[in-house]
Amino acid sequence: MFYQLLKDQNMEQNNNYGVNQNPIESGFNASSTAAEVIANINLNGKTIIITGGHTGIGLETTKTLASAGAYVIVAARDIKKAKQNLHGLKRVEIISLDLMNPAQIDDFANTFLASNRPLHLLINNAGIMWVPLRRDKRGFESQLATNYLAMFQLTARLWPALKQANGARVINVSSGGHQFADFDFKDPNFLHRPYETLLGYGQSKTAVNLFTLALDELAKPFQVRSYALCPGAVGGTELAREAPLDLLEKLGYTDKQGNILPDVAASLKTIPQGAATTVWCATSPLLENIGGVYCENVEVAKLGSDVRTIGGIKSYSLDPISAKRLWKLSEEMTGINFVFN
């Protein structure tokens, strides 16, 4: 099914190997905030699902989109925290979802589909980083399972609602950390190679980029477009809550006591700045005829060939051959046949 759909479509329009990774003069920059991006955008009547929309940049994204009139469904693992952080917000609903639990993903999607509502925006925001080796019940490494496979499953299950919207977007939060690793097709779950947390994180985010590329090509005939993005290095989030202190010190982020170094702190984005690219990808009219691209700093990112520096998108994570291979593997690992018609 996947290969035939790709064969039937105009391959000259896609972002294979990053051919569309060219800035489009968005009018914003790395310092822009989510509030600035949403100005003059009206989301009345739009329904949005966001994973992890109750903490960090996800919380800021939820607040921003709801303020523009959207009805936002926040999928959260920690319901207590979600209720506390989202208290008083209008047009926001909280539903329990643990992305490490495939059965919960199916239940969540089925509940939404039963409401017969169109889904205008799916924002796959939740993710984990710096974690020790853990596996879900299927034996899959936790960063791959949470950051990517759950995204694949949730998008597949919600596809009927996305198609029903007659104009929808799937926003996948990736990371500049995709440069840490290409996807390892031989041993994605670290069954044979030594586990390194940043390699696990890197390959999970490379998978997000490859998925975004393939999804956009397959979904655009149904008026659904897909975007991957890097929020940037953002201060004040919970992403590093399990990070080993010795590793952070080794990387030059903190001192021996775990205190972030002043020059590092000064380089971090604020949470409103970190959420800006997500909001832009979700709402910008400039992206109506562009899809499958990777964005950063509220702009379409440039193709970056130097893996020694963070910034831009590395070409291996926009390789159509790898994207096809990953799609097939994802269907096998999740047991899902992603049907588009």
Student: Test: side-chain hydrogen bond (donor to acceptor under 3.5 Å, both in side chains). Region: residues 115-129. Which pairs qualify, not counting sequence neighbours?
Tutor: Ser115-Arg117, Asn124-Thr155, Asn124-Asn172
Student: Give a yes or no on whether the backbone of Ala34 and the side-chain of Thr64 come within a donor-acceptor separation of less than 3.5 Å.
Tutor: no
Student: For Val293 and Thr212, which heavy atoms make the closest approach, and how far apart are they?
Tutor: O-CG2, 4.5 Å
Student: Going only through I, L, V, M, F, W and Y residues with side-chain contacts under 4.5 Å, is there a path from Val224 to Phe340?
Tutor: yes
Student: Is there a side-chain contact between Asn147 and Ile128, using heavy atoms and a 4.5 Å cut-off?
Tutor: yes
Student: Is Arg138 salt-bridged to Asp136, cutoff N-O under 4.0 Å?
Tutor: yes
Student: So, Gln104 side chain and Asn101 main chain: donor-acceptor pair closer than 3.5 Å or not?
Tutor: no
Student: Return yes if some donor-acceptor pair links the side-chain N/O of Glu141 with the main-chain N/O of Leu133 below 3.5 Å, else return no.
Tutor: no
Student: How far apart are the closest heavy atoms of Asn14 and Val19, and which atoms are they?
Tutor: O-CG2, 3.2 Å
Student: Does some side-chain heavy atom of Val298 sit less than 4.5 Å from a side-chain heavy atom of Gln273?
Tutor: no
Student: Are Phe108 and Tyr71 linked, directly or through other ILVMFWY residues, by side chains that come within less than 4.5 angstrom of each other?
Tutor: yes
Student: Backbone N or O of Leu191 within a donor-acceptor pair of the Asp187 side chain at under 3.5 Å?
Tutor: yes
Student: Test side-chain contact (heavy atoms from CB on, under 4.5 Å) on Val72 and Glu93; report intermediate values, then the result.
Tutor: CA-CA 6 Å; Val72 185; Glu93 177 183 355; over 6 Å; no
Student: Say whether, by atom type as modelled, one donor and one acceptor occur between the side chain of Thr206 and the main chain of Gln203 under 3.5 angstrom.
Tutor: no
Student: At what distance, to the nearest 0.5 angstrom, does OG1 of Thr47 lie from CG of Leu119?
Tutor: 7.0 Å
Student: Should the ring pair Trp327 and Phe338 be called parallel, tilted or perpendicular, given that the plane angle runs from 0 to 90° and is split at 30 and 60?
Tutor: tilted
Student: Can you establish whether the number of heavy atoms outside Lys163 located under 6.0 Å from its atom NZ is more than 12?
Tutor: yes
Student: Using the benzene-type ring in the case of Trp, are the ring centres of Trp130 and Tyr201 under 6.0 Å apart?
Tutor: no
Student: Test side chain to side chain donor-acceptor pair (under 3.5 Å) on Tyr294 and Ser317 and set out the steps.
Tutor: CA-CA 10 Å; Tyr294 173 93; Ser317 71; over 6 Å; no
Student: Specify the closest pair of heavy atoms between Ala76 and Ala82, including all atoms of both residues, with the distance to one decimal.
Tutor: CB-CB, 3.8 Å
Student: May I have the step-by-step check of side chain to side chain donor-acceptor pair (under 3.5 Å) for Gln21 and Asn15, ending in yes or no?
Tutor: CA-CA 7 Å; Gln21 290 298 149; Asn15 193 33; 2.9 Å; yes
Student: Taking Tyr148 as the fixed residue, which of Ser330, Ser174, Ser204 is the one that meets the side chain to side chain donor-acceptor pair (under 3.5 Å) rule?
Tutor: Ser330
Student: If you apply the rule side-chain contact (heavy atoms from CB on, under 4.5 Å), what do you find for Glu299 with Ile24, and how did you get there?
Tutor: CA-CA 7 Å; Glu299 181 60 273; Ile24 58 174; 3.3 Å; yes
Student: Verify the cluster assignment for Leu144 and Val208: are they in a single hydrophobic cluster under the rule of side-chain heavy atoms below 4.5 Å apart?
Tutor: yes
Student: Out of curiosity, Ile57 CD1 to Lys269 NZ, how far, rounded to the nearest 0.5 Å?
Tutor: 9.5 Å
Student: Nearest 0.5 Å, please: how far is OG1 in Thr283 from NZ in Lys46?
Tutor: 11.5 Å
Student: Measure the shortest side-chain to side-chain distance between Ile94 and His54 over non-hydrogen atoms and say whether it is less than 4.5 angstrom.
Tutor: no
Student: Using 0.5 Å steps for rounding, measure from the CD1 atom of Ile123 to the OH atom of Tyr227.
Tutor: 12.5 Å
Student: For Gly292 and Asp216, work out which heavy atoms get closest and say how close.
Tutor: N-CG, 3.1 Å
Student: Should Cys281 and Leu229 count as side-chain neighbours, where that means a heavy-atom distance under 4.5 Å?
Tutor: yes
Student: May I ask you to test the Ser226-Arg169 pair for a side-chain heavy-atom distance under 4.5 Å?
Tutor: no
Student: Under 6.0 Å from the NZ atom of Lys63, do we count more than 12 heavy atoms belonging to anything else shown?
Tutor: no
Student: Can you find a pair of side-chain heavy atoms, one from Leu287 and one from Trp280, that are under 4.5 Å apart?
Tutor: yes
Student: Please determine if Arg135 forms a cation-pi arrangement with Phe140, meaning its NZ or CZ atom is less than 6.0 Å from the six-membered ring centre and no more than 45° off the ring axis.
Tutor: no
Student: Less than 4.5 Å apart, side chain to side chain, heavy atoms only: is that true for Thr277 and Phe28?
Tutor: no
Student: Looking at the rings of Tyr316 and Phe183, which for Trp means the six-membered one, are their centres under 6.0 Å apart?
Tutor: no
Student: Above 12 or not: heavy atoms from other molecules or residues under 6.0 Å from CG of Asn44?
Tutor: yes
Student: Give the minimum heavy-atom separation between Asn297 and Ala30, together with the two atoms involved.
Tutor: OD1-CB, 3.4 Å
Student: Tell me whether the count of non-hydrogen atoms from other residues, nucleotides or ligands lying under 6.0 Å of CD in Glu25 goes above 12.
Tutor: no
Student: Can you tell me how far CG of Leu318 sits from CG of Leu303, rounded to the nearest 0.5 angstrom?
Tutor: 7.0 Å
Student: I'd like to know if the side chain of Thr146 reaches the main chain of Leu99, judged simply by a donor and an acceptor atom lying under 3.5 Å from each other, with no hydrogens or angles considered.
Tutor: no
Student: For Gln143 and Thr197, indicate whether the former's side chain and the latter's backbone hold a donor-acceptor pair under 3.5 Å.
Tutor: yes
Student: Using the rule given for side-chain contact (heavy atoms from CB on, under 4.5 Å), can you reason through Val92 versus Val74, listing the C-alpha separation, both sets of side-chain angles and the distance that settles it, and then say yes or no?
Tutor: CA-CA 7 Å; Val92 174; Val74 175; 4.0 Å; yes
Student: Pair Asn16, Glu217 - check side chain to side chain donor-acceptor pair (under 3.5 Å), show working.
Tutor: CA-CA 10 Å; Asn16 287 349; Glu217 189 63 19; over 6 Å; no
Student: Apply side-chain contact (heavy atoms from CB on, under 4.5 Å) to Ile313 and His178, showing your working.
Tutor: CA-CA 8 Å; Ile313 173 77; His178 74 272; 3.7 Å; yes
Student: With distance as the sole test, does Asp98 use its side chain to make a donor-acceptor pair with the main-chain N or O of Met100 at under 3.5 Å?
Tutor: yes
Student: Answer yes if Ile49 and Trp159 sit in the same cluster of Ile, Leu, Val, Met, Phe, Trp and Tyr residues linked by side chain heavy atoms under 4.5 Å apart, and no otherwise.
Tutor: yes
Student: Consider only side-chain heavy atoms of I, L, V, M, F, W and Y, link residues closer than 4.5 Å, and tell whether Leu154 and Leu215 are in one cluster.
Tutor: yes
Student: Is a side-chain N or O of Arg77 found less than 3.5 angstrom from the main chain of Leu97, in a donor-acceptor match?
Tutor: no
Student: Working to the nearest 0.5 Å, report the span between CG of Asp319 and CG of Leu326.
Tutor: 11.0 Å
Student: Less than 4.5 Å apart, any side-chain heavy atom of Phe112 and any of Arg157?
Tutor: no
Student: Compare every heavy atom of Ser32 with every heavy atom of Ala276, then report the nearest pair and how far apart it is.
Tutor: CB-O, 3.4 Å
